[in-house]
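Naming convention: chains lettered A, B, ... in sequence-line order (proteins, then strands); numbering from 1 in each chain.
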Amino acid sequence: MRALRDRPTALERWPSGVREGMRLATGPQDSKADAFYQKRVPKGAPDYLETATVTFPSGRTADEICPTEIAVPVWCAHMGTITFHPWPVRRSDDPTSLDRPDELRIDLDPQPGTTFSDAVRVAGVARELLEELGLRGYPKTSGNRGVHIYVRIEPRWEFTDLRHAAIGFGRALEQRDDQVTTAWWKEERGERIFVDYNQNNRDRTIASAYSLRPRPGAPVSTPLTWSGLAEVTDPRDLNLVTVPERLASEGDPWTTIDDESFSLEPLLELWETLPGGELNFPPDYPKMPGEPPRVQPSKKVAEHWDDEGNRIG
DNA sequence: GACGCAG
DNA sequence: CTGCGTCAACGCCTT
DNA sequence: AAGGCG
């Protein structure tokens with residue numbers, strides 16, 4: 001509930017279990033898959049289940065599950081839910097709350113040739129940078145090889161601002177540590193840790209804290225203290241069995257995440273200051289009515305821009 | 001996993 | 001009542 | 001319509 005309460009949440013359902021060779025649907029019409037994302041509330045939902053109507057970048061809407069009590073995720077589990085995907089917003093009396101994120105999510109994704117340990121080291125650098133900016137971040141394992149850092153923010157900014165903040169932070173981190181990349185195109189990333197700032201777009205979610213992942217051994221996206229993170233050698237050791245034991249015996253390191261919330265301004269300042277950020281792809285969306293067509297720096301064109309965003313040739 | 005429909 | 005088919009995500013962009 | 005990105 002610490003991760004899901006009042007948050008519009010999509011489900012990742014594996015109703016026939018998780019076994020070798022099973023596949024997650026790549027799209028809504030992928031009939032041969034064994035698992036699928038579910039955004040809209042399914043028929044037959046219990047009456048205690050609350051929902052929130054979220055708006056996608058296209059302007060379409062969907063009624064999503066919005067857990068308010070533990071029975072809701074339990075029911076989802078009965079439906080074969082393995083992983084929960086909450087939005088970075090919380091339903092409240094404020095009618096704008098679904099458009100005002102309360103959570104900045106820093107997604108550190110090890111690229112081929114790098115490891116979880118590399119991500120942990122970069123996470124430490126990210127922590128230092130956050131501290132210098134007056135922000136407190138809470139780390140967790142992704143459940144795979146990555147690390148996620150969450151920053152609780154005041155719900156005063158739009159998704160576009162959230163994304164800009166993430167780009168600003170990513171570029172600052174990239175500038176500070178040459179094992180970090182924010183390159184959108186895979187072939188430009190190198191053997192580095194990819195800061196996936198696009199996870200802060202509207203309609204983009206990350207596997208929640210405490211969620212199982214559909215992988216051998218049932219690894220868990222595990223909340224940790226910073227010192228706890230540094231001691232993890234293999235994130236697969238944090239699993240269905242060990243994590244509940246840890247949380248029971250040592251307590252939950254995320255209990256204080258709601259005690260304070262921060263301004264996005266320091267990060268927006270980075271976005272405005274650091275060059276090249278506005279050239280990153282994809283651009284902000286949704287495209288507003290009347291907005292001129294977008295010019296993507298195509299892969300070919302993109303190679304003509306250097307790290308500072310200056311045109312080459 | 002659950003629903004709707006044909007049998 | 002049983003069996004079977006069907007359904008269960010989103011979207012931006014370029015080629 | 002398919003491919004690239006998550």
TODO: Just call it for Thr26(A): base, sugar-phosphate, or nothing, with non-hydrogen atoms closer than 4.0 Å on any strand.
DONE: base
Please give, in whole Å, the distance from [N] [atom2] to [X] [atom1]?
{"X": "Asn198(A)", "N": "dC10(C)", "atom1": "CG", "atom2": "C1'", "result": "14 Å"}
{"X": "Asn200(A)", "N": "dC10(C)", "atom1": "CG", "atom2": "P", "result": "21 Å"}
{"X": "Phe56(A)", "N": "dA9(C)", "atom1": "CZ", "atom2": "P", "result": "9 Å"}
{"X": "Met22(A)", "N": "dA8(C)", "atom1": "CE", "atom2": "P", "result": "20 Å"}
{"X": "Lys186(A)", "N": "dG3(D)", "atom1": "NZ", "atom2": "P", "result": "14 Å"}
{"X": "His78(A)", "N": "dC3(B)", "atom1": "NE2", "atom2": "P", "result": "15 Å"}
{"X": "Asp203(A)", "N": "dC5(D)", "atom1": "CG", "atom2": "C1'", "result": "14 Å"}
{"X": "Glu64(A)", "N": "dA8(C)", "atom1": "CD", "atom2": "P", "result": "14 Å"}

Task: Pairing of Arg202(A) and Asp99(A) as salt bridge, 4.0 angstrom limit - done: yes
Open item on the list: What I want to find out is whether Arg121(A) reaches Asp177(A) closely enough, with some N-O distance under 4.0 Å, to be called a salt bridge.
Closed with: yes
TODO: Determine: side-chain N/O of Arg40(A) to OP1/OP2 of dC10(C), distance under 4.0 Å, yes or no.
DONE: yes
Open item on the list: Please determine whether a side-chain nitrogen or oxygen atom of Arg60(A) lies at a distance below 4.0 Å from atom OP1 or OP2 of dG11(C).
Closed with: yes
Counting side-chain heavy atoms from CB outward, which of [options] is closest to [X]?
{"X": "Lys43(A)", "options": "dC3(B), dC12(C), dG6(D)", "result": "dC3(B)"}
{"X": "Glu187(A)", "options": "dA9(C), dA2(B), dC5(D)", "result": "dC5(D)"}
{"X": "Trp185(A)", "options": "dC5(D), dG6(D), dA2(B)", "result": "dC5(D)"}
{"X": "Tyr37(A)", "options": "dA9(C), dA8(C), dG6(D)", "result": "dA9(C)"}
{"X": "Ser58(A)", "options": "dA9(C), dC12(C), dG1(B)", "result": "dC12(C)"}
{"X": "Arg189(A)", "options": "dC5(D), dG11(C), dG1(B)", "result": "dC5(D)"}

Task: Asp258(A) and its salt bridge (charged side-chain N to carboxylate O under 4.0 Å, His left out) partner, picked from Arg5(A), Arg152(A), Arg136(A) - done: Arg152(A)
- [ ] Answer yes if Leu267(A) and Ile106(A) sit in the same cluster of Ile, Leu, Val, Met, Phe, Trp and Tyr residues linked by side chain heavy atoms under 4.5 Å apart, and no otherwise.
- [x] yes
Open item on the list: Check the orientation of Trp254(A) and Tyr210(A). Use parallel for under 30°, tilted for 30 to 60°, and perpendicular for over 60°.
Closed with: perpendicular
Open item on the list: Roughly how many Å apart are dG1(B) and dG11(C), using the C1' atom of each and rounding to a whole number?
Closed with: 27 Å
Open item on the list: Suppose you measure atom C1' in dA9(C) against the same atom in dC5(D); what distance do you get, rounded to whole Å?
Closed with: 16 Å
